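Proteins get letters first, then strands, A, B, ... in listed order; numbering begins at 1 in each. Because the structure is a prediction, the values reported are computed rather than measured. Computation of the quantities below employed the complete heavy-atom set of this structure, encompassing side-chain atoms and omitting hydrogens, waters and symmetry-equivalent molecules.
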Amino acid sequence: MFKELPSQVNFPRLEQNQIEFWRKQDIFKKSMQKEAPNGNYIFYEGPPTANGKPGVHHVISRAFKDVFPRYKTMRGYHVNRKGGWDTHGLPVELEIEKKLGFTGKKDIEKFGIAKFNKLAKESAFEYIQEWNEMTERIAFWVDLEDAYITYENDYIESTWWVMKSLWERGLLKEDYRVTMHCPRCNTSLADHEVSQGYKDDTKDPSVFPKFPANLENLVSKNIVKNKDREVYFLAWTTTPWTLAANSGLAVKDDAQYSLVEAAKRYNSEDSDLYILATDLLETVFGEDNYKIIKSFQGSDLVGVNYQPILKAHIPANEDISTAYRVISDEFVSLDDGTGIVHLAPAYGDLELGKKYAFPTLFSVNLSGEIYPEVMPLDSNEKIGPYAGIFYKKADKLISKDLLDNNLMFRETTLKHTYPFCWRCDTPLLFFAKSSWYIKTTLVKDKLISNNQAINWYPDKIKNGRFGKWLENNVDWALSRERYWGSPLPIWVNKDGSKNHCIGSIAELEELTGKDLKELDLHRPYVDEISFEIDGETYTRLPYTVDVWFESGCMPYAQWHYPFENQDKFVDNFPADYICEAIDQTRGWFYSQHAVATLLSDSGDPKTGRAAGVLAQKGIATDTSDFKNVICLGHILDEKGLKMSKSKGNIVDPWEVLNVQGADALRWYLFASSPPGDSKRFSANLVNETLRDFFLTLWNSYSFFVLYANLDKPDLKQTVAIDNRPEIDRWLVAKTHKLIKDISNLLDNYDPTNATRTIRDFVVDDLSNWYVRRNRRRFWKSESDTDKLSAYKSLYETLVVITKLIAPMAPFISEELYQNLVLSQDTSAPESVHLAAWPEYDENLIDKDLLRDMTALIKIVELGRSARNASKVKIRQPLPEVLVRVKSTEELAGLKHLEDQILEELNVKKVSYLDVHADFVDYSVKPNLFLVGKRLGKLIPEMRKQLANIDGKTISANIRDGKNTIIELAGQEHSFEPEAFLLEAQSPDGYSAVEDRGYLAALNTTLSPELIQEGLSRDIIRLIQNARKTAGLEVSDHINLALTAKAEVLAAIEAFKDIIAFEVLADKILINQEIANSHSENLEIEGKVFTINLKKS
RNA sequence: GGGCGAUUAGCUCAGUUGGUUAGAGCGCGUCGCUGAUAACGACGAGGUCAGUGGUUCAAAUCCACUAUUGCCCA
């Protein structure tokens, strides 16, 4: 017996029951402990942060993370699913700052780092409850009891070990780094903070400073003849405040520049000599407002010196002897400005500054105030006129003075895009600060080649977004001036000339001679640790580490490698599968790829770069740490806009989980669109999934359970496939093909087409064809092989589907499994998630049968269409249907399945048209797929010819396998039979429908016998309705009395036995009544009759 | 501002190397079916395949530009 099913299924409640069952029986643990003949399948969990509420976008990545571990578990792999939590970083800090009403780092320092970090640590798990509930509710099986946590000492110690190994190989370096700096908050902003603050249409100065060129250089370069008149390089900038920090000018090598005479100052009468790009003369000076004296290449200017226009703040170690000269570089554009670019390395042009060895000079400090040293060149004051002035305010003053001193041609304004501090709206400074880097550019080739071994889904990411990102690799800026994060383990001596990287707590204990087992490795405690080497005291640099670096260390740090779990690490590296959203290309995808590449680096004998630790230990050589990755698109709202807190359009997953359920949500997320695409999300669409797929599956399942419980067929008995009717063998073939297809799709990381294929099978093949076609076989009264075959076939298919949907829809799968499988076989695994994936038998996939059934379905569709057109209802039997298919094989196959046509179309006879019957007219088209390339321009001519040719000739040729000769443009061409597409026209006298070579034509002539039979079927239908109205069970037998006249009476008499059989009537009384019975007065096409029925 | 994607019916999506009449589900309308009934079948309306230009005998598909939108970077 199967468990009886409620008339209405409540999926969310059903799912809650499964959660209980899994929890009670500890199924998840068992799934990780069960026998795994195929070894490990390794999954890495990219850690989410629990300091915010989980949303639908978290559900999608967790659903995709879950599906393959489940699949591989059923496939006989062991899948360790260690969870993890990302706890550090700026978002956590900002949350605390917001709560405390802080506006910047000063507030944090005043408040105390210890107290601040304590709050940060607490808030890291503020929403852990919500996360745990969501994780369990959507059945994301992940081991959260044993999860790694990035703030734990063990985790941090492993990241130290990684950094130390890089430091030992000389891959860590200190250098300037241009950061986006907010002078008001006095802090650098993280990239994502910066990108929040870009504003279009920002009004800024647009100024043209005049740098006096070294005339001697110009004479020697033959640009001017003598030193009589001053010549100015005319540059352009939107940041006058950086002019004091200028240390070079850049031109474009292959562009033309000119020496011109033009106004001394915009619109003035007097003139000066300038050098600038020829193409920009008109834009700068205006039409006819200049006189070209001489033209030359940009490259001719390289090496020319010039005079600075303001004094700068010069750091002690900077050498200004290389400053103030012209260089050329590709980046210079002639789109705007003058073609001469002012370089201020400290404020954005750092890379170029390095490339051309310019000193890094400063004009403003980190608070955005102008340094006192900034003053006119000829001034000898101690304190300059702009000292302490906020840089934006200083712009005007500086410009005015330069204009007055004839060092600026023009001052105007423009509108462009500029970044602002998202917090306080202050315009940001590009500012060069000291920072620690990982020299990833040294292994750039390996980053690129290791990427080639990764399977990306969608694959365009590999050489697209991710590949391009790797090709443009720059050194990884590692250090951050923050508080709540992994500390950078670099200690320096007093003057900073020597540094030492710590790789473990033990090492620190050794150097300090203290027991540090209880030390919290976070700031401020770790900052207090200092030690001596060779008599010098070392203190820690107060940096934290980029959180992405920590996440990239996850494969090692999750095991506290190499301090513990050495075997476990080796067994779990690299990952077979990871999955995150597209925004992680430059986040976790990159960070772990980069760390793995660095650690598995086989080294470079040419440059003497040592091999990475993993390569040295022989654990891994030149590899990434993941093999397959699904890169998800983002979830958008119903209107296609991205979900964000500020827009208030975030969908709470619980709204869907509580109504449609987790399986419907999961299925929708898999099926709705390819994983890499962004998805519009709406509860309506989840509901559609529920009705379309899950309710249809449930209907087929409950149909089976209902009749199996009535009939109690012995499902243990075997029925050989050969002894089953064709329709059952078809279902078996379809089912085995389905197993094959779904296995292939999941092996290729394609849950989208897997779910879509299952859906099509369940809805189209199983429910709307097999179950609908075979209902009568289940409720017929005799128990024979045919009936058992039907039960067996449907049962086997339902069990297969149960297992195939298990990875995607774990709940309903479990529900079906418990009832369908465990009720029959108590020795089966106790959960579907402990069961084996179904195997398919290639021999059972009968390709001919599948093809024939496809033709049959096509013919039935056409026949129904013809029925519709003829206006004769299906209940009315018709004498004949005329059928034509496209090939002789299909024709032969269809004859086997003739019964299906008779029943489905309710006709008495099927007649077959020969594929090339002579009395049918054909229209002929060229098969362009075959002859298109061959004919090329002759195709229009071919079409014209075919329109005039009698289709019968070609049809006859095709039947006889002969070529057809057609004259095109005066030349004879010979066409093989396959070169044509034939379409048959309807023969006369039939109600026919034709489509692409298939045809079904109904003979609608009705005999009195047929009319009577049609009438009898109407009567049956009305009696069935009456049974239902009377509240009878499907299996109840009845006594029946019918009162009627004339035609109706005649039909009842003629079909009495069939009526009795169909409506389960033990006896039928004619023109009598049954006492205390259910009674109805009815009519058929105006003819009245009465039904009396009673349960017998 | 730069890079990478997306844009096909009211909605969500298919559409192989360019080649027959661009398909499916939902929704809508009409009709049918009634022992799966929170179903099912048929038919219909609904498409300038985002737009413009190009290549080709032939373009949703290839190329260029534009628009809208998403992500990443500045």
Side-chain angles (χ1 to χ4, degrees), chain A residues 7-9 180 191-192 194-195 198 200 335 348 416-417 419 430 458 460-461 464-469 472 581-587 633-634 636 638-642 668 671-674 676-682 684-685 687-693 695-696 698-704 706-707 752-753 756 759-760 763-764 767-768 771-772 775-776 778-779 860-861 863-869 871 873-875 904 925-933 935-943 981 983 993 995-997 1020-1022 1024-1025 1027-1028 1032-1035 1062-1064:
Chain A
S7 59
Q8 289 204 350
V9 54
M180 295 302 260
D191 293 344
H192 80 272
V194 176
S195 55
Y198 278 94
D200 295 333
D335 293 344
H416 63 159
T417 309
F430 292 82
K460 62 189 171 211
I461 308 274
R465 186 177 283 224
F466 195 67
K468 290 242 159 71
W469 163 248
N472 295 316
I582 181 97
D583 53 288
Q584 296 294 337
T585 29
R586 279 146 214 224
H634 282 113
L636 309 175
E638 238 165 329
K639 296 185 197 103
L641 300 172
K642 84 172 186 181
Y668 162 77
S672 67
S673 62
D677 289 6
S678 45
K679 287 175 206 290
R680 292 189 185 197
F681 183 86
S682 80
N684 271 340
L685 294 169
N687 205 43
E688 194 183 311
T689 300
L690 180 74
R691 295 167 55 119
D692 176 57
F693 175 66
L695 282 177
T696 307
W698 191 266
N699 276 338
S700 300
Y701 160 65
S702 81
F703 171 86
F704 171 82
L706 178 67
Y707 286 102
T752 300
N753 283 307
R756 286 176 177 179
R759 180 252 167 229
D760 288 348
V763 175
D764 297 337
S767 175
N768 286 333
V771 174
R772 190 170 60 76
R775 280 173 293 189
R776 308 178 70 86
F778 290 87
W779 71 65
V860 166
E861 271 171 14
R864 282 200 288 243
S865 195
R867 268 267 182 190
N868 223 295
K871 301 271 179 212
K873 56 192 175 185
I874 296 259
R875 274 195 305 275
E904 193 67 16
K925 286 178 179 167
N927 185 353
L928 289 173
F929 192 79
L930 279 178
V931 302
K933 285 233 164 58
L935 287 179
K937 289 187 182 179
L938 291 173
I939 286 171
E941 174 71 12
M942 166 94 164
R943 285 209 168 100
L981 296 166
E983 285 184 14
V993 174
D995 185 60
R996 297 171 207 226
I1020 290 169
R1021 174 177 68 94
L1022 290 169
Q1024 299 288 27
N1025 277 351
R1027 283 181 55 115
K1028 209 189 275 177
L1032 296 182
E1033 291 293 321
V1034 165
S1035 53
E1062 289 289 332
V1063 304
L1064 300 182

Out of [options], whichever nucleotide has its closest atom nearest the side chain of [X]:
| X | options | value |
| --- | --- | --- |
| A:S673 | B:C11, B:G35, B:C13 | B:C13 |
| A:R586 | B:C72, B:A42, B:G25 | B:C72 |
| A:K460 | B:C71, B:A6, B:A74 | B:A6 |
| A:R691 | B:A36, B:G35, B:A38 | B:A38 |
| A:I582 | B:C71, B:C11, B:G35 | B:C71 |
| A:K468 | B:A74, B:G19, B:G3 | B:G3 |
| A:R756 | B:G25, B:A14, B:A36 | B:A14 |
| A:S672 | B:U12, B:A36, B:G27 | B:U12 |
| A:Q1024 | B:G19, B:G25, B:G35 | B:G35 |

Nearest-Å distance for atom pair [atom1]/[atom2], residues [X] and [N]:
| X | N | atom1 | atom2 | value |
| --- | --- | --- | --- | --- |
| A:W698 | B:C40 | CH2 | P | 18 Å |
| A:R1027 | B:U37 | CZ | P | 15 Å |
| A:Q584 | B:C71 | CD | P | 14 Å |
| A:K679 | B:U7 | NZ | P | 14 Å |
| A:E688 | B:C13 | CD | C1' | 10 Å |
| A:F681 | B:C13 | CZ | P | 12 Å |
| A:L928 | B:U17 | CG | C1' | 15 Å |
| A:I461 | B:G3 | CD1 | P | 18 Å |

Does the side chain of [X] get closer than 4.0 angstrom to OP1 or OP2 of [N] through an N or O atom?
| X | N | value |
| --- | --- | --- |
| A:R864 | B:G32 | no |
| A:R772 | B:C40 | no |
| A:S678 | B:A6 | no |
| A:N684 | B:U12 | no |

Pick the [atom1] atom in [N] and in [M], then give their distance to the nearest Å.
| N | M | atom1 | result |
| --- | --- | --- | --- |
| B:G25 | B:A50 | C1' | 24 Å |
| B:A6 | B:C63 | P | 11 Å |
| B:G19 | B:A60 | C1' | 13 Å |
| B:G15 | B:C49 | C1' | 11 Å |
| B:A42 | B:C4 | P | 46 Å |
| B:C26 | B:C43 | P | 14 Å |
| B:G29 | B:U34 | P | 23 Å |
| B:G70 | B:U12 | P | 15 Å |

Counting the atoms with a prime plus P, OP1 and OP2 as sugar-phosphate, which does [X] contact under 4.0 Å by heavy atoms, base, sugar-phosphate, or nothing?
| X | answer |
| --- | --- |
| A:N927 | nothing |
| A:E941 | nothing |
| A:V763 | nothing |
| A:L938 | nothing |
| A:R776 | nothing |
| A:P674 | sugar-phosphate |
| A:D677 | nothing |

TODO: Can you check whether any acceptor in the base of B:A36 is under 3.5 Å from a donor in the side chain of A:S702, or vice versa?
DONE: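 No such pair is found, so the answer is no.
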Open item on the list: Taking atom types as they are modelled, would you say the side chain of A:R465 forms a donor-acceptor pair with the base of B:C71 within the 3.5 Å cutoff?
Closed with: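 Indeed, a donor on one side and an acceptor on the other fall under 3.5 Å apart.
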Between [X] and [Y], is any pair of side-chain heavy atoms under 4.5 Å apart?
| X | Y | result |
| --- | --- | --- |
| A:V9 | A:L695 | yes |
| A:I582 | A:I461 | yes |
| A:R775 | A:F703 | yes |

Open item on the list: Checking A:E861 against A:E904 for the side chain to side chain contact (heavy atoms under 4.5 Å, CB included) test, could you report, in this order, the C-alpha distance in whole Å, the side-chain angles of both residues, the deciding distance, and whether it holds?
Closed with: CA-CA 10 Å; A:E861 271 171 14; A:E904 193 67 16; over 6 Å; no
Task: Pairing partner (Watson-Crick or G-U wobble, both distances under 3.5 angstrom) of B:G44 - done: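 Looking at the geometry, B:G44 pairs with B:C28.
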Open item on the list: Here's a test of your reading of the structure: between A:H634 and A:D760, which maps to the more 5' nucleotide of RNA chain B?
Closed with: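 Per heavy-atom nearest nucleotide, the more 5' residue is A:D760.
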- [ ] Between A:L706 and A:R1021, name the one whose nearest nucleotide on RNA chain B is closer to the 5' end.
- [x]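 Its nucleotide being nearer the 5' end, the pick is A:R1021.
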Open item on the list: To the nearest 0.5 Å, what is the distance between OH on A:Y668 and CG on A:N684?
Closed with: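 It comes to 10.0 Å.
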Task: Inter-residue atom distance A:T696.OG1 - A:D764.CG, 0.5 Å rounding - done: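 With rounding to 0.5 Å, OG1 (A:T696) is 9.5 Å from CG (A:D764).
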Open item on the list: Ring centroids only, cut at 6.0 angstrom: are A:W698 and A:Y701 within range, meaning strictly under it?
Closed with: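 For A:W698 and A:Y701, the ring centres are under 6.0 Å apart.
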Task: Test applied, side-chain contact (heavy atoms from CB on, under 4.5 Å); reference residue, A:F693; option that passes from A:R759, A:E688, A:R756 - done: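 For A:F693, the side-chain contact (heavy atoms from CB on, under 4.5 Å) test succeeds with only one of A:R759, A:E688, A:R756, which is A:R759.
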